[in-house]
Engineer: 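Take this structure, written in structure tokens, and hold onto it; I'll ask about it next.
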Amino acid sequence: MMDKTFDPTSVEDRIAGLWDRAQAFKAGRPDRAGAEPYCIVIPPPNVTGSLHMGHALNNTLQDVLCRFERMRGRDVLWQPGMDHAGIATQMVVERQLAERQQPDRRAMGREAFLARVWEWKAESGGAIKGQLQRLGASCDWSRERFTMDEGLSRAVLEVFVRLYKDGLIYRDKRLVNWDPKFQTAISDLEVEQKEVKGNLWHFRYAVEGSDRTITVATTRPETMLGDTAVAVHPDDERYRDLVGKTVVLPLVGRRIPIVADEYSDPEKGSGAVKITPAHDFNDFEVGRRHGLRLINVFDAEAKLDIAGNEAFLDGLPASGDLDEVLTLHGLDRFAARKRVIAMMEARGLLDLIEPNVHTVPHGDRSGEVIEPWLTDQWYVDAKTLAQPALAAVREGKTRFVPRNWEKTYFDWLENIEPWCVSRQLWWGHQIPAWYGPDNTVFVEKSAEEAAAAARAHYGRDVELRRDEDVLDTWFSSALWPFSTLGWPDRTPELARYYPTDVLVTGFDIIFFWVARMMMMGLHFMEEIPFHTVYIHALVRDEKGAKMSKSKGNVIDPLQLIDTYGADALRFTLAAMAAQGRDIKLSTQRVEGYRNFATKLWNAARFAEMNGCERSEGFDPSAVGEKLNRWALSEYARAVREVTAGIEAYRFNDAANAAYRFVWNVFCDWYLELAKPILMGEDGPAKAETRASIAHVIDGVCKILHPFMPFLTEELWAIKGAAGPLRPEAERVLALSAWPEAADFSAPEAEEEIGWLIDLVTEIRSARSETNVPAGAQIPLVLVSASGPTRERALSWGDMLKRLARLSDVAFADAAPAQSVQVVARGEVAALPLAGVVDLDAEKQRLAKELDRIAADVRKVESKLGNADFMARAPEEVVEEQRERLADSQARAAKIRDALARLSKAG
RNA sequence: GGGCGGUUAGCUCAGCUGGUAGAGCGUCUCGUUUACACCGAGUAGGUCGGGGGUUCGAGUCCCUCACCGCCCA
């Protein structure tokens, strides 16, 4: 006997074990050797990460697709793994060292530090794997990969070297986004622009050889030490005569030109702007246009670096001001700012302080203000690689769902900047570049090959120095769709599963990952990495705010799984995953779907209690009982709806279709209507009904399995234990066959059962509204019943009595006096209730209904009376309206009649 | 400043190619019936953000305004 409720915690573990033993998720199962492959690569979570709601949604949807396709017979590979998260991981381990008061990474050295990171990874990395398993993710865990694995590292080497040799990777001295906290460069995408309240300081610079001054406004006064020009707009009358003149930079004494450049905005500040090409991206461009010097005044920690700085000191005359400035050496940029302002003010050169809101770049990991800083870094020529990636989507080879994300993808790729891929970290793929004594660079896959190349170059053996830096984590992630399949080796998996089918991810990752996978896949595999990119929503809290630790509004998916079960969480996420909308998650909703799980469980329990066992060779088309035929046709409809929903990535539609069928059709009506048969005498009808119910429960397990894998697999096992042994291929639900979306329909059964349902619903409603006590058994009179209605009423009389609480079902040519009347499927039924019913309430009820119908009649009449409508609307629409009018009029007539009768009698 | 999305029942949201406004939760009323109170029956609740247009017909298409959110400068 089944328990009264489904207990997820006790079942989930056991079912996970069952899948494991059956190797249900293993790709390349021998029994599917001839099957079409289906492949999804997981967006690799950070090795430092733990499951948050975004992961839960992302992986639920992937799992729905994978389980669905697996049941449709495909050879599914859901490729799992993690990335090494360069900065995040290094940060975790460094923090750990500090906490334990152990030597820091520089003290322990690179090799020892990396050993330490691997140690950390083995112990506490990858907690998310177990969490994904708790969610029920049907990944092929035997194929788990890690971006720092030997194989994937080989792919990285191969890619780097080949891109370098193709001229698509190069070393360049440019401004980068420098994170002074981590002391590494980061890419544009890892920078967050934040609005900050600050000031515009207006400084006066003296024009050489005149008594004029020119005022520049800046949000970053400390950078003035590195100024190499002042720019004005070429059309700005105020400054036209100054262009070409020289300004003496205050405090420093550097002579710098006034240049005309459109970058300067005449409307902003004073219209003149200081140019610091080594510390500002826009200034860098201005400097390039005018051949300006680049003077870097910061060190890697963003402290002033001016004493002994040749570029800074070059050409400066000695002065008291300069000496004072040099005392700022080593000061942090923000402290230096205050001092510079104070010095300018002391000299009467500070014109104005104007409050100003402006955007300031911050490192997304460190939160630190990013410093544009001039360094040598490695760059990928993203622009070139972007072209095939753009073309593939334009030509429809890869399709975004929903489609509008294409625009985001295009906009970014069309305006793409060189991708800075070097990071000044230790944890990651060390760049395979070696430098000779004269800094000639040799990019090769190994030290040996580099040495050989150097020998060829120099004509002798020389000492080589390897580049210290590592690659951006996203560099290795970009290779994920093929590196995980064994590339650069030509493995059978690569041949079978590449290109993969669908990539499922959030929109925030389109730039970071989707675009880069497209570039790399197209370049190295010469084929798109996936034909569809499904972009899902962001999960927000119930008020619509982005979940974040700092806001404290994070809902922990694991806690929801503990409380309501993994199935309830999954179903909630799928049911709310409407395209193009964010998900505002509330636990109430999860609770509701937990209740749904319990409902299905109890339906199965009821079936068990009533001996509804599967029967060998059950054939829906051979079923004779109207009720069963009706249920089977409704089930077929549900199969079609769920199938279509998943196929179209309309997960909410699919989930809701299954929900409606299970609760509102199967539980509310099928089981209720079957009760008398099940509790009645044994016979063919009872046997057929039992088998049919068992069949539908099996079917429900199937269509719900992608959404609620644990519950359904458990039910499948319970139902499998009774009755005939399941065939080998159907032992494990996860591997069983998805139901054929057969065209099973039974219109005659729908007419009969539909009539019954409508009539019961009408009577219940009328009883309730006229205040008939719930316990009262009242008679029903079918008025002028047609032949078919008579037959139905006879065969369903007991059921009518039971569901509508009737004492008797009779027939008459006219409705009795003082009766409550309802209309079901065009025929009148009366409840003679003199004395029982509140006649005024009944009059009100009828009047209200009449109003409603009359309004409808008016609406349709005006439509049909409209010559334009009649002339222009399609015939079937007109016909539909005619039918609607006739129905409404007939119904209205019957209600008027009933009202009249009530008044006469009352 | 540019782009994208949103505004539909008290709340959270569906509503695909224009043709009778839906669901879940919550509210209220009732509950005899051995699958289920994590339940059952019933009920109320909407001028689909405002304005204009196209159309026989607009929640749906177009324009415009307002407010909210996100992305990119």
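The model shown is predicted, which means the values in this text are computed figures rather than measured ones. Residue numbering restarts at 1 for every chain, and letters A, B, ... go by the order of the sequence lines.
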Engineer: Which whole-number value in Å describes the distance from A:Asn866 CG to B:A58 C1'?
Structural biologist: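 Rounded to the whole Å, the gap is 15 Å.
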Engineer: Return yes if the base of B:U32 and the side-chain atoms of A:Arg805 contain a donor-acceptor N/O pair under 3.5 Å, otherwise no.
Structural biologist: yes
Engineer: For the pair made of CZ in A:Phe410 and C1' in B:C72, what is the distance, rounded to whole Å?
Structural biologist: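 One finds 17 Å between C1' of B:C72 and CZ of A:Phe410, rounded.
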Engineer: Just call it for A:Thr761: base, sugar-phosphate, or nothing, with non-hydrogen atoms closer than 4.0 Å on any strand.
Structural biologist: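 Counting heavy atoms under 4.0 Å across all strands, the contact made by A:Thr761 is with sugar-phosphate only.
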Engineer: How is A:Glu879 classified with respect to the nucleic acid when contacts are heavy atoms under 4.0 Å: base, sugar-phosphate, or nothing?
Structural biologist: nothing
Engineer: Over how many whole Å does the gap from A:Phe596 atom CZ to B:C25 atom P extend?
Structural biologist: 12 Å
Engineer: Is it the case that atom CD in A:Glu861 sees more than 12 heavy atoms from other parts of the structure closer than 6.0 Å?
Structural biologist: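 Check passes, neighbour count above 12.
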Engineer: Return the nearest nucleotide to the side chain of A:Asn602; candidates are B:G42, B:C36, B:U20.
Structural biologist: B:C36
Engineer: Side chain of A:Leu671, heavy atoms from C-beta onward: which of B:G19, B:C39, B:A35 has the nearest atom to it?
Structural biologist: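 Shortest atom-to-atom distance from the side chain points to B:A35.
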Engineer: Please state whether the base of B:C36 and the side chain of A:Lys599 form at least one donor-acceptor pair under 3.5 Å?
Structural biologist: yes
Engineer: B:G2 phosphate, OP1 or OP2: any side-chain N/O from A:Trp412 under 4.0 angstrom?
Structural biologist: no
Engineer: Quick check for you: among B:A73, B:A41, B:C4, whose closest atom lies nearest to any side-chain atom of A:Lys407?
Structural biologist: B:C4
Engineer: Mind checking the C1' distance from B:C28 to B:G19? Whole angstroms is fine.
Structural biologist: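 After rounding to an integer number of Å, I get 35 Å for this pair.
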Engineer: Would you mind classifying the nucleic acid contact of A:Lys4 as base, sugar-phosphate or nothing, using non-hydrogen atoms under 4.0 angstrom?
Structural biologist: sugar-phosphate
Engineer: Any strand is fair game: report the nucleotide pairing with B:A37 by Watson-Crick or G-U wobble, both distances under 3.5 Å, or none.
Structural biologist: none
Engineer: Name the closest nucleotide to the A:Met609 side chain, picking from B:C56, B:A35, B:C38.
Structural biologist: B:A35
Engineer: What is the nucleic acid contact for A:Thr598, judged by heavy atoms within less than 4.0 Å: base, sugar-phosphate only, or nothing?
Structural biologist: base
Engineer: Side chain of A:Gln588 only, heavy atoms from C-beta on: which candidate in B:C70, B:G26, B:U20 is closest?
Structural biologist: B:G26
Engineer: I need the CD1-P distance between A:Ile509 and B:C72, as an integer number of Å.
Structural biologist: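 Going from CD1 in A:Ile509 over to P in B:C72 covers 12 Å.
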Engineer: Using the C1' atom as the reference point in each nucleotide, state the distance between B:U8 and B:G24 in Å, no decimals.
Structural biologist: 15 Å
Engineer: Report which part of the nucleic acid A:Arg767 touches: base, sugar-phosphate, or nothing (heavy-atom distance under 4.0 Å, all strands).
Structural biologist: nothing
Engineer: Between B:G24, B:G26, B:A35, spot the one nearest the side chain of A:Tyr659, thanks.
Structural biologist: B:G24
Engineer: Should A:Lys675 be listed as having a side-chain N or O under 4.0 Å from OP1 or OP2 of B:A35?
Structural biologist: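 For B:A35, OP1 or OP2 has a side-chain N or O of A:Lys675 closer than 4.0 Å.
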Engineer: Paired with B:G10: which nucleotide, if any, by Watson-Crick or G-U wobble criteria at under 3.5 Å for both distances?
Structural biologist: B:C25
Engineer: Is there a donor on the side chain of A:Glu672 or the base of B:A35 sitting less than 3.5 Å from an acceptor on the other?
Structural biologist: yes
Engineer: Taking atom P in both B:A44 and B:U29, compute the distance separating them and give it to the nearest angstrom.
Structural biologist: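 To the nearest whole Å, 15 Å.
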Engineer: Between A:Phe596 and A:Trp663, what is the ring plane arrangement, given parallel below 30°, perpendicular above 60°, and tilted in between?
Structural biologist: parallel
Engineer: Looking at B:C56, B:G19, B:G24, which one has an atom nearest to any side-chain atom of A:Asp868?
Structural biologist: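 My answer, after comparing the listed nucleotides, is B:C56.
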Engineer: Counting the atoms with a prime plus P, OP1 and OP2 as sugar-phosphate, which does A:Gln777 contact under 4.0 Å by heavy atoms, base, sugar-phosphate, or nothing?
Structural biologist: nothing
Engineer: Roughly how many Å is it from CD in A:Glu414 to P in B:C4, rounded to a whole number?
Structural biologist: 13 Å
Engineer: With a 3.5 angstrom cut-off on both distances, give the Watson-Crick or G-U wobble partner of B:U20, or none if there isn't one.
Structural biologist: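 Across any shown strand, B:U20 pairs with none.
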Engineer: Distance check, P atoms only: B:C25 and B:G40, in whole angstrom units.
Structural biologist: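 My reading of the P atoms in B:C25 and B:G40 gives 9 Å.
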Engineer: Scan A:Ala603 against the nucleic acid and name what it touches under 4.0 Å (heavy atoms): base, sugar-phosphate only, or nothing.
Structural biologist: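 If one applies the 4.0 Å heavy-atom cut-off, A:Ala603 turns out to touch a base.
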Engineer: Can you label the angle between the A:Tyr534 ring and the A:His536 ring as parallel, tilted or perpendicular, going by 30° and 60°?
Structural biologist: tilted
Engineer: Specify whether A:Phe507 and A:Trp405 have parallel, tilted or perpendicular ring planes, treating 30° as the upper limit for parallel and 60° as the lower limit for perpendicular.
Structural biologist: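 Aromatic pair A:Phe507/A:Trp405 classed parallel.
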Engineer: In terms of side-chain heavy atoms, does A:Asp7 have a donor or acceptor partner in A:Thr5 at a distance below 3.5 Å?
Structural biologist: no
Engineer: Would you mind reading off the distance between A:Arg650 atom CZ and B:C13 atom C1', rounded to a whole angstrom?
Structural biologist: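 To the nearest whole Å, that distance equals 14 Å.
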Engineer: Taking the side chain of A:Arg764 as heavy atoms from C-beta outward, which of B:U32, B:A41, B:G24 is closest to it?
Structural biologist: B:A41
Engineer: Take atom CH2 of A:Trp663 and atom C1' of B:G40, then tell me their distance rounded to the nearest Å.
Structural biologist: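 These atoms are roughly 10 Å apart.
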Engineer: Under a 4.0 Å N-O cut-off, is there an ion pair linking A:Glu414 with A:Arg394?
Structural biologist: yes
Engineer: Using the C1' atom as the point on both nucleotides, what is the distance between B:A41 and B:G59, in whole Å?
Structural biologist: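 Those two atoms are separated by 32 Å.
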Engineer: Which one is paired to B:G5, where only Watson-Crick or G-U wobble pairs with both distances under 3.5 angstrom count?
Structural biologist: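 Pair assignment: B:G5 / B:C68.
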Engineer: Rounded to whole angstrom, note down the C1' distance from B:C38 over to B:G46.
Structural biologist: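 Nearest-Å result for B:C38 against B:G46 at atom C1': 30 Å.
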Engineer: Want to settle it: does A:Asn610 or A:Asp411 sit nearer the 5' end of RNA chain B, counting the closest nucleotide to each?
Structural biologist: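 Its nearest nucleotide being more 5', the pick is A:Asp411.
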Engineer: Residues in ring pair (Phe, Tyr, Trp, His ring centres under 6.0 Å) with A:Trp412, at least two apart?
Structural biologist: A:Phe511
Engineer: If we take the C1' atom in both B:U47 and B:U43, what is their distance in whole Å?
Structural biologist: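 To the nearest whole Å, 23 Å.
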Engineer: Can you say whether a donor on the side chain of A:Arg605 sits under 3.5 Å from an acceptor on the base of B:C36, or the other way round?
Structural biologist: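 For A:Arg605, whose side chain was compared with the base of B:C36, there is no donor-acceptor pair (under 3.5 Å).
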Engineer: Rounding to an integer number of angstrom, what distance separates B:G45 and B:G10 when you compare their C1' atoms?
Structural biologist: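 Roughly 8 Å separates the two C1' atoms.
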Engineer: Tell me whether the OP1 or OP2 atom of B:C39 has a side-chain N or O from A:Asn595 closer than 4.0 Å.
Structural biologist: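 For A:Asn595, the contact criterion (side-chain N or O under 4.0 Å from OP1 or OP2 of B:C39) is met.
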Engineer: Please pick, from B:C30, B:C70, B:C38, the nucleotide with the shortest atom-to-atom distance to any side-chain atom of A:Ala774.
Structural biologist: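 That would be B:C30.
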Engineer: Measure from CD on A:Glu861 to C1' on B:U20 and round the result to the nearest Å.
Structural biologist: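 Checked: the CD to C1' distance equals 15 Å.
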Engineer: Salt bridge (Lys or Arg N to Asp or Glu O under 4.0 Å) between A:Glu634 and A:Arg637: does it pass, once the steps are laid out?
Structural biologist: CA-CA 5 Å; A:Glu634 289 291 316; A:Arg637 184 208 310 275; 3.1 Å; yes
Engineer: Among B:U20, B:G31, B:U43, find the nucleotide with the atom closest to the side chain of A:Ser765.
Structural biologist: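 When the side chain of A:Ser765 is considered, B:U43 is the closest of B:U20, B:G31, B:U43.
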Engineer: Is A:Lys675 close enough and on-axis enough to A:Phe606, meaning under 6.0 Å and within 45°, for cation-pi?
Structural biologist: yes
